[in-house]
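First listed ligand is number 1; within each ligand, the first listed atom is number 1. Just so it is clear, the values below take in all heavy atoms, side chains as well, and ignore hydrogens, waters and symmetry mates. The first residue of the sequence shown is numbered 1, and numbering continues consecutively from there.
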Amino acid sequence: MSGESKIVQGDSITWSRGAGELGLSDSGPMNIAEICTDRNLRLGRGGRPALIHQGHAGDPRTYTFEDLKELSCGWAAFLAEAGIRPLDRVCLFLDRVPELYIGFLGILRLGAVVQPLFSAFGEEALFQRIDDSQASCVITQRRHLGKLRRIRERVPSLHTVVVIDHDPAGKPLRSGEVAFSMDDGRRKDFPVARTFGESPSVLHYTSGTTGKPKGALHVHGSVVAQYLTSKVVLDLREDDVYWCTADPGWVTGTSYGIIGPWSLGVTQFVLDAGFSSERWYAAMARHRVSVWYTAPTAIRMLMKDGAEATRGHDLSALRHMCSVGEPLNAEGVLWGRQAFGLDFHDTFWQTETGAMMITNRPGLPVKPGSMGRPFPAVTAAVVDPETGEELREPGQVGMIAIKPPWPSMMRTYWNNTATYYSKFLGGWYICGDRASVDEDGYFWFCGRDDDVINTGGHLVGPFEIESALLEHEAVAESAAIGKPDPVNMEVVKAFVALRPGWEPSDDVELSIMNFIRKKLSPLAMPQEIEFVDKLPKTRSGKIMRRLLKARETGEQIGDTSTLEDD
Ligand code: PRX
């Protein structure tokens, strides 16, 4: 096969087939919320469970597709009354409560743009994202209100803060804050905004190497890709109980934790409780989870407790398992076979691609350690980073590239069109990851091509961490890198040079760690801080993160000729 194009293109699985199955036409109106609610009702699925929600405590609650329709209509009506207009950005800053999933649909029904924010974000992470999008509304809960109040003055665009669990007997709300109880706001109907395939739908922020997080803007037409990949790769069928373990603060939790499964009328299970293998297996057994989409870090955490931990739980309903977010090593796949008698099917994609691009789908043999082959409707290759030429020799390492367009491709980065355009080369969208393709067309991940840190499947930008570190009174200079970690793939390690008058100590270290946790998020918090006298820099003053990382991993350091002190 050497020298030939290894591009794998599907035959019968096409985007137009997906659109046709959903009854959509290119020029007709299209709204994700309408597809996930009204369409399911039209198909007679109204009484079927849409969401089985299990919180930290108490009994699980079940919402049918009819509930989904009426509760999301209630949200749309309430937001319209609060002055939210189509195309306004509305943030969801919530734990995994039912309001997060159903409010998402309400915002889309109104024609506004949903901006999910991970509820563990600290003030600075929150500020950057709301400030950039100029959101007019944030929906939150009491426990996160303090963080919002502290940045409120800095974001004048934000005119409405909705609190979903306000206690009238507790502390009063302030001006610009309103209470809304989803259960009380139910409405039989609310007109669907006249949106089309190209109308903005979801704005997801993602971290890069430099600058602030960038908002990848998606459109309603993305549903075609999320629907078809959910059907073909997750293999979702009407009688499934499906569990996506990702938080909707990240793209997996919206594309495959809301839109994909509900566009197919499938029941979803949501667990809003911390991780323990015992809790996970017990929940899967109790709710008869049949399809499971998770991440390598979670798989490695389960592996720590051994395959024996599954014994005693009836997991006989489980028939399909998929993974995303980080490289799934062969060991994880082999362990999955031992523990569940099934293969984990790895999938590769990004916030920017909106849906799976490279996949292991049922029917194709899994090669443990490989991400699989391009989804049939997707054209993917590895290309030369300089020219964008496809690299056709099996085993050659190049940049993963996808041929545009596809329905769920981001349409731009909010306020940052220049960076959006910089992602294309030679007619390809360049993902920024390196891989090789073997003689059977299977992709093998090699690594990211930038300094972005992937911790437990979540991307964290080193620049964001370094900027925040500089605001700590003791820090003169800093660099953040991803340090290899056996469970989380990478954890953040910071190198810090202290200001005059400060000495390294456990107290300073702890204070810096906590500072970042509060300002950004627990994920961004350095797990380790190394105090240094100064940082290696290029002659032009750029910190050589790669050098620090190479030292950490014992790799060859490479060309250091541009170093300051060489
Ligand atoms: O580096 C790749 C890694 O996660 C990045 C995308 O992260 P994000 O936009 O947060 O979306 C994550 C969930 C879709 C990619 O550029 N990544 C994602 N999936 C895989 C992966 N790395 C290796 N194998 C995967 N299956």
Next item on the list: Give the atoms of ligand 1, by number and element, whose distance to some non-hydrogen atom of G325 is under 4.0 Å.
Entry: 3 (C), 4 (O), 17 (N), 18 (C), 19 (N), 20 (C), 21 (C)

Item checked: Those atoms of ligand 1 less than 4.0 Å from some heavy atom in M371 -> 24 (N)

Next item on the list: Could you tell me the residue and atom name of the protein heavy atom closest to atom 25 (C) of ligand 1, and the distance to it rounded to 0.1 Å?
Entry: E326 O, 3.4 Å

Item checked: Contact partition for F445 relative to ligand 1, non-hydrogen atoms under 4.0 Å -> side chain

Notebook entry, point to check: Which of the numbered atoms in ligand 1 are below 4.0 angstrom from a heavy atom of R448?
Noted result: 1 (O), 5 (C), 15 (C), 16 (O)

Notebook entry, point to check: Using 30° and 60° as the class limits, which term best fits the ring planes of F269 and W243: parallel, tilted or perpendicular?
Noted result: perpendicular

Item checked: Ring-ring centroid check F344 W292, cutoff 6.0 Å -> yes

Checklist line | atom 15 (C) of ligand 1 [closest protein heavy-atom partner, distance rounded to 0.1 Å] | finding: D433 OD2, 3.3 Å

Next item on the list: Tell me which part of H458 gets within contact of ligand 1: side chain, backbone, both or neither, using heavy atoms under 4.0 Å.
Entry: neither

Note to self: Tell me whether the count of non-hydrogen atoms from other residues, nucleotides or ligands lying under 6.0 Å of NZ in K212 goes above 12.
What the structure shows: no

Checklist line | Carboxylate-amine/guanidinium contact R319 D235, below 4.0 Å | finding: yes

Next item on the list: Check the angle between the aromatic planes of F424 and Y421 and answer parallel, tilted or perpendicular using the 30° and 60° thresholds.
Entry: tilted

Next item on the list: Give the numbers and elements of all ligand 1 atoms closer than 4.0 Å to a heavy atom of P327.
Entry: 22 (N), 23 (C), 24 (N)

Note to self: Using a 4.0 Å cut-off to any heavy atom of N454, which atoms of ligand 1 qualify?
What the structure shows: 3 (C), 4 (O)

Checklist line | atom 6 (C) of ligand 1: nearest protein contact (heavy atom, Å) | finding: W349 O, 3.7 Å

Note to self: Are W349 and Y256 an aromatic pair, judged by ring center distance below 6.0 Å?
What the structure shows: yes

Notebook entry, point to check: Between K549 and E490, is there a salt bridge with N-O shorter than 4.0 Å?
Noted result: yes

Check: Just going by heavy-atom distances, which of D450, T252, T347, T351 is nearest to atom 9 (O) of ligand 1?
Finding: T351

Notebook entry, point to check: Hey, do the aromatic rings of W335 and F340 have their centres closer than 6.0 Å?
Noted result: yes

Check: So which protein heavy atom does atom 7 (O) of ligand 1 come closest to, and at what separation?
Finding: L459 CD1, 3.3 Å

